[in-house]
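Written below as structure tokens is the structure these notes are about.
Since the structure is predicted, the reported quantities are computational estimates derived from the model, not experimental observations. The figures here come from the full heavy-atom set of this structure, side chains too, leaving out hydrogens, waters and symmetry mates. We count residues from 1, following the sequence as given.
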Amino acid sequence: MTKIKAGIIGGAGYTGGELLRILIHHPNVAIDFIHSNSNAGNFISDVHTDLFGDTDLKFSDKISQNIDVLFLCVGHGDARKFLDANPINDNIKIIDLSQDFRLKNSSTSNNKPFTYGLPELNKTVIKTAQNIANPGCFATCLQLALLPLAKSGLLKSEVHISATTGSTGAGQKPGETTHFSWRNNNLSVYKAFEHQHLNEIGESLIQLQANFDKDINFIPYRGDFARGILATSYINCDLTLEEAENLYTDFYAEAPFTHISKANIDLKQVVNTNKCFIHLEKHGNKLMILSIIDNLLKGASGQAVQNMNLMFGLEETSGLKLKAIGF
């Protein structure tokens with residue numbers, strides 16, 4: 001079959017680099033250009049040094065309209081600015097990895113409507129969508145922990161969540177809290193109860209449980225590791241453990257990357273993959289849900305490719321059969 005021609009805006013950052021690692025080896029994709037003003041003319045492998053020997057592609061400062069799909073791997077706020085300054089042909093599908101179009105009240109740009117791209121929630125709509133707003137990393141991990149309960153109308157109490165993310169979640173630009181000497185052997189809380197991903201999580205839960213009006217008490221932590229998210233959520237729940245496991249297994253029966261584990265889970269099982277693992281425990285009347293993802297893959301670039309596969313009628317797992325680091 002004719003390969004999908006892809007363009008990437010912002011190819012020098014973490015999400016752009018992860019996207020390149022997937023697409024270079026994707027059997028159905030040909031990369032047309034990787035745009036970067038600051039790196040134009042440089043080899044991709046000069047920036048993403050792990051790709052040395054895999055590609056001789058170079059960054060470009062030109063944008064071509066002769067493509068099928070455009071990935072926006074730019075900072076929050078910059079995707080909307082880019083589309084305002086660079087009108088994209090209507091026949092080109094757009095997948096935006098920023099937060100600019102995730103919420104319903106801001107999901108349009110230049111008459112281009114964006115569909116929220118969580119496949120486990122919106123797979124049918126994604127298949128016919130022209131433009132996708134890729135979910136946030138925390139949002140993905142936490143929604144996958146809670147969606148089966150919302151679908152069954154079981155979110156009847158406040159939701160309590162604590163979750164720890166790796167340093168790559170803060171992006172490539174160095175900062176005080178990403179500096180090695182600060183982050184190493186350290187742990188800290190940030191944006192307690194007011195993380196920006198709470199808005200998209202709330203919209204998705206209401207999509208499945210229209211009467212959901214409880215607080216989501218979310219405490220995010222900065223971890224002293226590079227990548228991955230481990231989240232612990234708990235609610236009041238009358239289900240037995242077996243009933244809860246059956247509920248989750250049935251909900252994700254058609255989700256090739258989301259798996260329910262009876263055994264406890266740890267981050268190394270999913271780092272470097274597009275998978276989400278979920279583990280349930282019952283403690284009195286509390287149901288605890290552990291969920292883990294790689295923030296750069298299922299939480300960003302891997303999910304973007306998963307959405308692309310659905311939009312172009314490819315096998316959902318195409319290019320994404322990745323091996324976990326294991327140890």
Next item on the list: Could you go through the side chain to side chain donor-acceptor pair (under 3.5 Å) check for N274 and Q306 one step at a time?
Entry: CA-CA 9 Å; N274 197 54; Q306 185 180 355; 3.0 Å; yes
Next item on the list: Return yes if a side-chain donor-acceptor contact under 3.5 Å exists between Q130 and K112, otherwise no.
Entry: no
Check: Between the main-chain N or O of K323 and the side-chain N or O of N272, is there a donor-acceptor pair closer than 3.5 Å?
Finding: yes
Notebook entry, point to check: Just by distance, do the side chain of T140 and the backbone of G136 share a donor-acceptor pair under 3.5 Å?
Noted result: yes
Item checked: Distance under 6.0 Å and angle within 45° of ring axis: K275 vs F257 -> no
Next item on the list: Could you walk me through whether Q209 and K151 pass side chain to side chain donor-acceptor pair (under 3.5 Å), step by step?
Entry: CA-CA 6 Å; Q209 184 178 327; K151 178 66 174 179; over 6 Å; no
Margin query: Go through it in stages, so that I can follow the logic: the residues are D96 and S98, the test is side chain to side chain donor-acceptor pair (under 3.5 Å), and I'd like the CA-CA distance, side-chain angles, deciding distance and then a yes or no.
Written below: CA-CA 6 Å; D96 174 37; S98 80; 2.8 Å; yes
Note to self: In the structure I gave you, are the side-chain heavy atoms of Y190 and R222 within less than 4.5 Å of one another anywhere?
What the structure shows: yes
Item checked: Closest contact, heavy atoms only, T273 versus L322 -> CG2-O, 3.7 Å
Next item on the list: Assess whether side-chain contact (heavy atoms from CB on, under 4.5 Å) is satisfied between N91 and Q65, documenting all intermediate values.
Entry: CA-CA 9 Å; N91 63 301; Q65 300 270 1; over 6 Å; no
Note to self: Would you say that L70 contacts I67 through its side chain, given a criterion of any heavy-atom pair below 4.5 Å between the two side chains?
What the structure shows: yes
Check: Which distance, rounded to the nearest 0.5 Å, do you find between the CG of L230 and the CG of L267?
Finding: 5.0 Å
Notebook entry, point to check: Between the side chain of Q269 and the main-chain N/O of D266, is any donor-acceptor distance below 3.5 Å?
Noted result: yes
Notebook entry, point to check: Which pair of heavy atoms, one from A6 and one from F71, lies closest together, and at what distance?
Noted result: CB-CE1, 4.2 Å
Check: Can you get from L147 to V159 by hopping between Ile, Leu, Val, Met, Phe, Trp and Tyr side chains that sit under 4.5 Å apart?
Finding: yes
Next item on the list: Give a yes or no on whether L121 and L310 share a hydrophobic cluster (residues Ile, Leu, Val, Met, Phe, Trp, Tyr; joining criterion: side-chain heavy atoms under 4.5 Å apart).
Entry: no
Check: Rounded to the nearest 0.5 Å, how far does CG of L154 lie from CG of L287?
Finding: 9.5 Å
Check: So do N217 and I161 actually touch side chain to side chain, heavy atoms under 4.5 Å?
Finding: no
Item checked: L247 and S152, any side-chain heavy atoms less than 4.5 Å apart -> yes
Notebook entry, point to check: Should the ring pair H195 and H197 be called parallel, tilted or perpendicular, given that the plane angle runs from 0 to 90° and is split at 30 and 60?
Noted result: perpendicular
Check: With a 4.5 Å heavy-atom cut-off, do K298 and L144 have their side chains touching?
Finding: yes
Notebook entry, point to check: Sub-3.5 Å donor-acceptor pair from the side chain of D294 to the main-chain atoms of G228, do we have one?
Noted result: no
Margin query: Is any side-chain heavy atom of E120 closer than 4.5 Å to one of Q303?
Written below: yes
Notebook entry, point to check: Any Lys/Arg nitrogen of K123 or E316 sitting under 4.0 Å from an Asp/Glu carboxylate oxygen of the other?
Noted result: yes
Item checked: Test: K81 and D100 ion pair at under 4.0 Å -> no
Next item on the list: Measure the CZ-CD distance between F212 and E203 for me, rounded to the nearest 0.5 Å.
Entry: 13.0 Å
Next item on the list: Take I235 and M288 through the side-chain contact (heavy atoms from CB on, under 4.5 Å) test and state the conclusion after the steps.
Entry: CA-CA 7 Å; I235 63 163; M288 184 178 77; over 6 Å; no
Margin query: For D32, give me all partners under salt bridge (Lys or Arg N to Asp or Glu O under 4.0 Å), at least two apart in sequence or on another chain.
Written below: K5
Note to self: Any salt bridge linking E200 with R102? Criterion: basic side-chain nitrogen under 4.0 Å from a carboxylate oxygen.
What the structure shows: yes
Check: Got a donor-acceptor contact below 3.5 angstrom from the N295 side chain to the R227 backbone?
Finding: no
Notebook entry, point to check: Quick one: do I24 and L19 end up in the same hydrophobic cluster if we chain Ile, Leu, Val, Met, Phe, Trp and Tyr together by side-chain heavy atoms under 4.5 Å apart?
Noted result: yes
Checklist line | Nearest-0.5 Å distance, OH of residue Y221 to OG of residue S162 | finding: 5.5 Å
Margin query: In this structure, would F277 and L290 fall into the same cluster of hydrophobic residues linked by side-chain contacts under 4.5 Å?
Written below: yes
Notebook entry, point to check: How close do S45 and L51 get, heavy atom to heavy atom, and via which atoms?
Noted result: CB-C, 3.9 Å
Check: If you take all heavy atoms of T108 and F101, which pair is closest and at what distance?
Finding: O-CE2, 4.1 Å
Check: So, E243 and K282, do they make that salt bridge, N to O below 4.0 Å?
Finding: no
Notebook entry, point to check: So S301 and L296, side-chain contact (heavy atoms from CB on, under 4.5 Å) or not? Walk me through it.
Noted result: CA-CA 6 Å; S301 304; L296 291 178; 5.8 Å; no
Notebook entry, point to check: Would you say the side-chain atoms of N307 and N134 include a donor-acceptor pair closer than 3.5 Å?
Noted result: yes
Note to self: Contact between I216 and L205 at the side-chain level, heavy atoms closer than 4.5 Å - yes or no?
What the structure shows: yes
Next item on the list: Would you please indicate yes or no on a ring centroid separation below 6.0 angstrom for F138 and F218?
Entry: yes
Next item on the list: Classify the side-chain pair N199/Q99 by whether it contains a donor and acceptor separated by less than 3.5 Å.
Entry: no
Note to self: Between T258 and A255 (side chain of the first, backbone of the second, donor and acceptor by atom type, cut-off under 3.5 Å), is there such a pair?
What the structure shows: no
Note to self: With a 3.5 Å distance limit and no angle check, can you tell me whether D224 reaches the backbone of N184 through a side-chain donor-acceptor pair?
What the structure shows: no
Note to self: When you compare the side chain of I63 with that of F33, does any pair of heavy atoms fall below 4.5 Å?
What the structure shows: yes
Next item on the list: May I ask you to check whether N236 and K156 show a side-chain donor-acceptor distance below 3.5 Å?
Entry: no
Note to self: Do I92 and I9 land in one hydrophobic cluster if side-chain heavy atoms of ILVMFWY residues count as linked below 4.5 Å?
What the structure shows: yes
Note to self: Ring of F312, cation from K93 - is the NZ or CZ under 6.0 Å from the centre and inside 45° of the axis?
What the structure shows: yes
Item checked: Check: G117 main-chain N/O paired with T115 side-chain donor or acceptor under 3.5 Å -> no
Check: Checking D78 side chain against V74 main chain: does a donor-acceptor pair fall under 3.5 Å?
Finding: no
Margin query: On a heavy-atom basis, which atom in A192 and which in P220 lie closest, and how many Å separate them?
Written below: CA-CD, 4.0 Å
Item checked: Check: N309/E315 side-chain N/O donor and acceptor closer than 3.5 Å -> no
Next item on the list: Would you give the length of the straight line joining atom OG of S107 to atom CD1 of I132, rounded to the nearest 0.5 angstrom?
Entry: 11.5 Å
Check: Is there a side-chain contact (heavy atoms from CB on, under 4.5 Å) between H26 and M308 once you walk through the steps?
Finding: CA-CA 11 Å; H26 196 295; M308 180 201 72; 3.7 Å; yes
Note to self: Quick one: does any side-chain atom of H48 pair with a main-chain N or O of G11 as donor and acceptor, under 3.5 Å?
What the structure shows: yes
Notebook entry, point to check: How far does CD1 of I219 sit from OG1 of T232, to the nearest 0.5 angstrom?
Noted result: 12.5 Å
Margin query: Restricting to non-hydrogen atoms, name the atom on S291 and the atom on I278 that form the minimum distance, rounded to 0.1 Å.
Written below: CB-CG1, 4.2 Å
Check: Salt bridge check: are E18 and R21 linked by an N-O gap of less than 4.0 Å?
Finding: yes
